[in-house]
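One structure below.
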Number of protein chains: 2
Amino acid sequence: MKRKVTIADIAAEAGVSIPTVSKVLNKHIDVSSATRLHVESIIRERGYISNRASRPRRMVQAGLVDLMIIDTMDSYYFLEIIRGMEEALREADKHLVLQTMHANVLYEQAWINRIATRPVEGVVFIVLPEYYSRYLETLRSLDIPFTVIDDWAQPHPDIPSVGATNWHGGLTATEYLISLGHRRIATISGVPDHLTARARVAGFRSAMEIAGLPVDPDLVRSGRYDHQSGYIETRYLLDLPEPPTAIISSCDQQASGVYRALYERGITIPDEMSVIGFDDIPPAQWLSPPLTTIRQPLREMGTMATSMLLRQIAGEQLDTMRVELVTSLVVRESCGTPL
Amino acid sequence: MKRKVTIADIAAEAGVSIPTVSKVLNKHIDVSSATRLHVESIIRERGYISNRASRPRRMVQAGLVDLMIIDTMDSYYFLEIIRGMEEALREADKHLVLQTMHANVLYEQAWINRIATRPVEGVVFIVLPEYYSRYLETLRSLDIPFTVIDDWAQPHPDIPSVGATNWHGGLTATEYLISLGHRRIATISGVPDHLTARARVAGFRSAMEIAGLPVDPDLVRSGRYDHQSGYIETRYLLDLPEPPTAIISSCDQQASGVYRALYERGITIPDEMSVIGFDDIPPAQWLSPPLTTIRQPLREMGTMATSMLLRQIAGEQLDTMRVELVTSLVVRESCGTPL
């Protein structure tokens, strides 16, 4: 199959920069007539096809990037990512349009049906379910670039995406608890549909295996990334004949539910139970005692995903389609040695 | 002084609806030629001046509303308001553009300098400092409508604004604690620059006065609407020769700092200290014990402010320039009778 002609090819042959080709395609005024004619002749010669060029000029001038939130924007997770996105967008003089779908397929369809008529230069998705691939096809056909933060599934090699080292985070949390002397360690995961959740549990299992410790299936629980799941699953764990001495929660918001269940049973943290979270969003510091957690660099993930989008908008090639930013242990006061 | 001719005047004289006049002004295509000519002749006759009509047509077609956050979007307060805004915007097929200023005057100036060249139909401000009036003048001169949620100062009668009954909320919280038997009640306010903070303290004072109870100046503290202020001010209160038996916090996030200080001193809630918050954002339910608080209807405030903006965009008159939505007591588990 013949390789599609890219903006980079045109730039190389014309002896100009990629942004210059992009300006010609988008009919910007700050390109000399001579350069414009030269570049346009090469575009015709090489048969470069840009659907974006066929969109009305105003479409690509408003400097708008859609932030597509598939579910509800209901936690600091989103606030941190948005803060990172803002930094990258501000420098590029572009603006963030908030699109929150509340997992409603009618909202999604309305969004995709209108996208061609709206002045949107690109899209950042947060937490992308697999069924979204049909929307990505539409974006591709319109030549609207996109990037993805935290997809549900194994990221497709064609899709620019940013994540965190979730497996490594699960491993680190578990190794830390083992180093404190814990042997019966429980983990409360997010929904198994999410690859991020699976990766964290896999990291937990690996650490247990490395330490030669058995994994009691009763101690591997799953729920949603929310307070209620932490509360319900902790009650389940406390009712076991032999409860754990430590609980790894898959997000800080969920860990607040772990705290609540322990509080109700009069079990003190960390003396009688160690708790570790995931995310390191601001509320982790506000719990009593402050939560030891695995930090994922949400702000940096937002900046990175936006930078990758901006490079595509400028017609540049990405060095890599997949970036994972590193997680790290943040020690506060919720973990101790077992009784 | 001659009254300025309004769209409503034109509509009345032309015998058409206000939206029809608006469509003619904005050069929409779905108006018959006859109607257009008729309305245009009356516009000329009456000397109606709309700056918006002089903005390029694309400016008012993209369906964009700027959400202007003066500071940093760092709490559920914003998430709840945005959720309310979304509902109103979705119905109107408009989109929310996030503008976060981080209290940086350079960002503010960049925003106002570009606003005339961007396709923005209107602006919703959250928490408006007094010095912003100069920006409001610019918006007025461009005929870009705006509304304000929670201004710092007494809302100007010309500025459409939405707030909550903060004084009433402070009163209700205090009356509730008094009904439980508390006499030494402390309050931790937000910064006194904010009228919302002053109103809540005023409500506290009124309730104490009504009950014939003295207000000890040592028990009236102020800080910011954050965790750290709750923590610091509670430590101050606990170090007094005669500490309070109950603390009214001016926001739920601040109340988490109150919890933390009490936790560190081994003081149990509500047995040894009652705590009451303000806002009723989701984390209030996630504290241990769950926080009794004054609910302000943030989501509804977002919807209301957006509806008021959309009416202005449609060229309609507002029934009232100021709306205050009612606060209410949400009883959970953080208040009890004093020892």
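A note on names: the letters A, B, ... follow the listed sequences, proteins ahead of strands, and every chain is numbered from 1.
When heavy atoms are compared at a cutoff of 4.5 Å, B:Thr72 approaches chain A solely by way of its side chain, counted from C-beta outward. Proximity to chain B is absent for every atom of A:Glu87, based on heavy atoms less than 4.5 angstrom apart. Neither the backbone nor the side chain of B:Gln254 comes within less than 4.5 Å of any heavy atom of chain A. Only the side chain of B:Gln99 comes within contact range of chain A, judged by heavy atoms closer than 4.5 Å. With a 4.5 angstrom heavy-atom cutoff, B:Leu262 does not touch chain A via any of its atoms. With a 4.5 Å cut-off on non-hydrogen atoms, B:Gln253 touches chain A through its side chain but not through its backbone. Of the atoms belonging to B:Pro282, not a single heavy atom falls under 4.5 Å from chain A.
For the side chain to side chain contact (heavy atoms under 4.5 Å, CB included) criterion with A:Trp286, the lone passing option out of B:His227, B:Arg260, B:Gln228 is B:His227.
Within residues 294-310 of chain A, no residue has any heavy atom under 4.5 Å from a heavy atom of chain B.
The line from CE of B:Met73 to CZ of A:Phe78 is 11.0 Å long, rounded to the nearest 0.5 Å. Rounding to the nearest 0.5 Å places OH of B:Tyr263 at 7.0 Å from CD1 of A:Ile269.
At most 12 non-hydrogen atoms from other residues, nucleotides or ligands lie less than 6.0 angstrom from CZ of B:Arg114. Residue-environment remark: CD (B:Glu91) stays at or below the threshold of 12 foreign heavy atoms within 6.0 Å.
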Should A:Leu64 and B:Leu64 be marked as a side chain to side chain contact (heavy atoms under 4.5 Å, CB included) after you check the CA-CA gap, both sets of side-chain angles, and the distance that decides it?
CA-CA 10 Å; A:Leu64 300 178; B:Leu64 300 177; 3.2 Å; yes
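A 4.5 Å side-chain heavy-atom check between A:His95 and B:Arg118 finds at least one atom pair inside the cut-off. Between A:Leu96 and B:Val97 the shortest side-chain heavy-atom distance does not fall below 4.5 Å. Between A:Leu67 and B:Leu98 there is no side-chain heavy-atom pair separated by less than 4.5 Å.
For chain B, the option among A:Ser256, A:Pro283, A:Ser288 with the highest count of heavy-atom pairs below 4.5 Å is A:Ser288. Chosen from B:Gln285, B:Glu80, B:His102, the residue pairing most often with chain A at heavy-atom distances under 4.5 Å is B:His102. Among B:Ser75, B:Gly257, B:Ala110, the residue with the largest count of heavy-atom pairs under 4.5 Å with chain A is B:Ser75.
Side-chain atoms of B:Arg83 never come within 3.5 Å of backbone atoms of A:Asp74 as a donor-acceptor pair (strictly under, hydrogens ignored).
Between A:Arg90 and B:Thr100, the shortest heavy-atom distance links the atoms NH2-O, 2.6 Å.
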